[in-house]
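What follows is a short report on a single structure.
Note on naming: letters A, B, ... go to the chains in the order of the sequence lines (proteins, then strands), and numbering restarts at 1 for each one.
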There are 4 protein chains.
Amino acid sequence: MSDRTAVEGVSDKRTAILEATLDLISERGFHNTPVSLIARTAGVSAGIVYHYFSSKEELINELYRGVKLETIRAMLADYARDLSLQERFLGIWSNYVQFSLNQPTKGLFLEQFENSPYIKHVMGEDFVQALAPFFDLFEQGMDEGVFKPLPPVVLFDLGFSAASSLVKRHVAGVVVLDDELVQAAANACWDAVLR
Amino acid sequence: MSDRTAVEGVSDKRTAILEATLDLISERGFHNTPVSLIARTAGVSAGIVYHYFSSKEELINELYRGVKLETIRAMLADYARDLSLQERFLGIWSNYVQFSLNQPTKGLFLEQFENSPYIKHVMGEDFVQALAPFFDLFEQGMDEGVFKPLPPVVLFDLGFSAASSLVKRHVAGVVVLDDELVQAAANACWDAVLR
Amino acid sequence: MSDRTAVEGVSDKRTAILEATLDLISERGFHNTPVSLIARTAGVSAGIVYHYFSSKEELINELYRGVKLETIRAMLADYARDLSLQERFLGIWSNYVQFSLNQPTKGLFLEQFENSPYIKHVMGEDFVQALAPFFDLFEQGMDEGVFKPLPPVVLFDLGFSAASSLVKRHVAGVVVLDDELVQAAANACWDAVLR
Amino acid sequence: MSDRTAVEGVSDKRTAILEATLDLISERGFHNTPVSLIARTAGVSAGIVYHYFSSKEELINELYRGVKLETIRAMLADYARDLSLQERFLGIWSNYVQFSLNQPTKGLFLEQFENSPYIKHVMGEDFVQALAPFFDLFEQGMDEGVFKPLPPVVLFDLGFSAASSLVKRHVAGVVVLDDELVQAAANACWDAVLR
DNA sequence: TATGAATGAGGCTTCATTCAT
DNA sequence: AATGAATGAAGCCTCATTCAT
């Protein structure tokens, strides 16, 4: 037990810092979120943050990587090659919406991060791996002549850009994203990629 | 000339401040863009900024309103009710892409602003008016049974979300948005909204 | 008429500036009273203040001299050598209280000014003249053996310090300075100077 | 010694800041005493001031409370109910004068503070307790028919207002407050409160 | 006389980061 | 591994004063 405590003790604080950072930044923004506040929220001292992360920037980058990977993986939950193209496509859509609605801070954080010139994002090998199923999906769809003959990234945007926009609308209270609407929107995007 | 000087003289500095703010924020972010740098870039003193704007926040809000309105109007250039639904839809698409590629700082600024919890955006009557043609378009399309029976905002997202994503891909160097690709993407989104 | 307008026009603005300064400083303090606010309150431009006064400091000094002289003169209204010592003493007391209650801003301003190291007060010949009756009173009282044999300034403080303290109590709402109380206090101070 | 160091270590900087603030403000005024100068004089960084005080205003308020309490307590040194009314009264007088002459900055600071609309003073329970002996003195004096039948605050002002005025005269060089003069003045004020 | 835009120094405060303990 | 006092650079903003008109 002392072993676990020791081991988890470490990651506990690290995790607490990351979670506090996520919550604070998603509702206050990068600036307006001082390290001292992150520390207080996480229940640790300001100094210890620099034991786990070399700088505030690295902390935020680390958080970005984690949240981004988690989001990608959530989108691909249940993804299986033996499902039809459409089943996989629609599955990603509903996974994404469900995840975003359950974890609103993560979406807000990602959008903020990705639209800020403040911090340059560096992606590593694990991202390439995590994203592979998307390319797999679109390449298979093109090979089979089911999808429009466009670069996979373009198909990706055609297929999923609207999803995050709609989630923002929902968060803003402009629309209510119930199952029916999600399915309708997902099917509309399916029409967009379909040849 | 003395006429123009007199007239423009009043707003010259104000305009210079707004333009400097746009350029700096789009490439450096909200923070990392001190008022002192804005002033220096605009060729004015730091103090005078507060003669034209009551705070940095108000300056940025004012800038947002101006850029947003300009973008909306650019999208609707040539918009005319006697054009077909598809012509109008595709026109908006190409107007948007063209404007975004010509004025990359404005798109970057808008995305950053709209995804930041830092500043709350307040829109006024002029926005409602400027956006009217979009609602006009989608409502007419639904009335005629051409578009899917979905809320106008949803149709808007289905129709245009991908556009800004693709522009970002272009700016990031991932794809090259030539005319052919823009048309293909625009037509794909047309498929998305089409019944 | 044009003559009067021209002449009064000048002093009108000067007076308006002085009055605005008095009101603002008495309720906001020296700092926290920018020249720009003084100008706005007086209904003039900021620049013109420097036509009438060479600096903010001089403006305040000028104001001090005027208010101080006015206060001294108000205390000595009705002062006449043919009145008894006690009549003159009590007259000063009630004049002071009456003036202070009617013109609360002036007392506040004087106290603030005289207790601030910010601005060094320079008094001129007119002050010496205006204050002469006080010395006259106390010297006569000493010569006649009616007052305690103390320096006139000391007799002055013994005789009148309590007056301003009581006015402040009244302004603060701690006591109500009605006629009866003023007379009682004045008589008590008369006891203090009386041999 | 290590003990004292440890104990004092905590409040050392806080105390240094308060002392520097007192000295600087008493000779320069509230404004004209920037926080940066306070910090430099105290031998600390500017930032740390905000670790101990939430703002410059709070710092000054805190200082006021401390100096005021110290002054009140100094006035009441040796105060004892078994002394006669007159002994107590005259003791307060000489305590006050002695304290003021020994600690001229404190008197200057108090006067400046109390006559400035800049900062609103809030007094707490400790003030009420510290001031109790004054009320005790005046109420007893009235009950015994020794003092004039006036509100305690009024008796207080009649009894002690002149003291601070005279100290200011001394500081200004107008009179020399030697023991003889202090006693004469104190006795004169005793006459003022005496029935 | 009069305006008010403009300047620029300086004030208060915040905050990422370090370091003695 | 942990604390939190401490630093000092930098940010936003104010304001006395000037000057072109």
Check: Given E/dA2, is OP1 or OP2 found less than 4.0 Å from the side-chain N or O atoms of C/K13?
Finding: yes
Next item on the list: For D/Q112 and D/F30, work out which heavy atoms get closest and say how close.
Entry: OE1-N, 3.0 Å
Next item on the list: Show your reasoning for whether side chain to side chain contact (heavy atoms under 4.5 Å, CB included) applies to D/E111 and D/K168.
Entry: CA-CA 10 Å; D/E111 295 286 354; D/K168 285 188 218 167; 3.6 Å; yes
Checklist line | A/I38 CD1 to F/dA2 C1', straight-line distance once rounded to whole Å | finding: 18 Å
Checklist line | Nucleotide F/dC12, atom C1' - distance to CZ of B/R40 in whole Å | finding: 14 Å
Check: Can a side chain N or O of C/Y52 be found less than 4.0 Å away from OP1 or OP2 on E/dA2?
Finding: yes
Checklist line | Under-4.0 Å salt bridge between A/D23 and A/R28 | finding: no
Checklist line | Those residues that, when tested against C/Y50, pass side chain to side chain contact (heavy atoms under 4.5 Å, CB included) (two or more places apart) | finding: C/V35
Notebook entry, point to check: How would nucleotides 15-21 of chain F be written as a contact map, 5' to 3', with B for base contact, S for sugar-phosphate-only contact and - for no contact, using protein heavy atoms under 4.0 Å?
Noted result: SSBB---
Check: Rounded to the Å, how far apart are D/L59 CG and E/dG11 P?
Finding: 16 Å
Item checked: Atom pair distance, as rounded to whole Å: CZ in D/F53 and P in F/dA6 -> 12 Å
Item checked: Residue pair C/T33, C/T21: steps toward the side chain to side chain contact (heavy atoms under 4.5 Å, CB included) verdict -> CA-CA 8 Å; C/T33 299; C/T21 305; 5.6 Å; no
Margin query: In whole Å, I'd like the distance from the CG atom of B/L37 to the P atom of E/dG8.
Written below: 17 Å
Notebook entry, point to check: For the helix from E/dA2-F/dT21 to E/dT21-F/dA2, what angle lies between the axis at the first five pairs and the axis at the last five pairs, to 10 degrees?
Noted result: 10°
Next item on the list: Using only heavy-atom distances, determine whether the side chains of A/Y64 and A/E114 contain a donor-acceptor pair under 3.5 Å.
Entry: yes
Next item on the list: Taking only Lys NZ, Arg NE, NH1 and NH2, and the carboxylate oxygens of Asp or Glu, determine whether A/R14 and A/E19 approach each other closer than 4.0 Å.
Entry: no
Notebook entry, point to check: If you look at every heavy atom in A/A42 and A/A16, which pair is closest and at what distance?
Noted result: CB-O, 3.5 Å
Margin query: Distance check, P atoms only: E/dT1 and F/dT21, in whole angstrom units.
Written below: 23 Å
Note to self: With a 4.0 Å cut-off on N to O distance, would you call C/E70 and C/R65 a salt bridge?
What the structure shows: no
Checklist line | Side-chain N or O of D/H51 closer than 4.0 Å to phosphate OP1/OP2 of F/dA5 | finding: yes
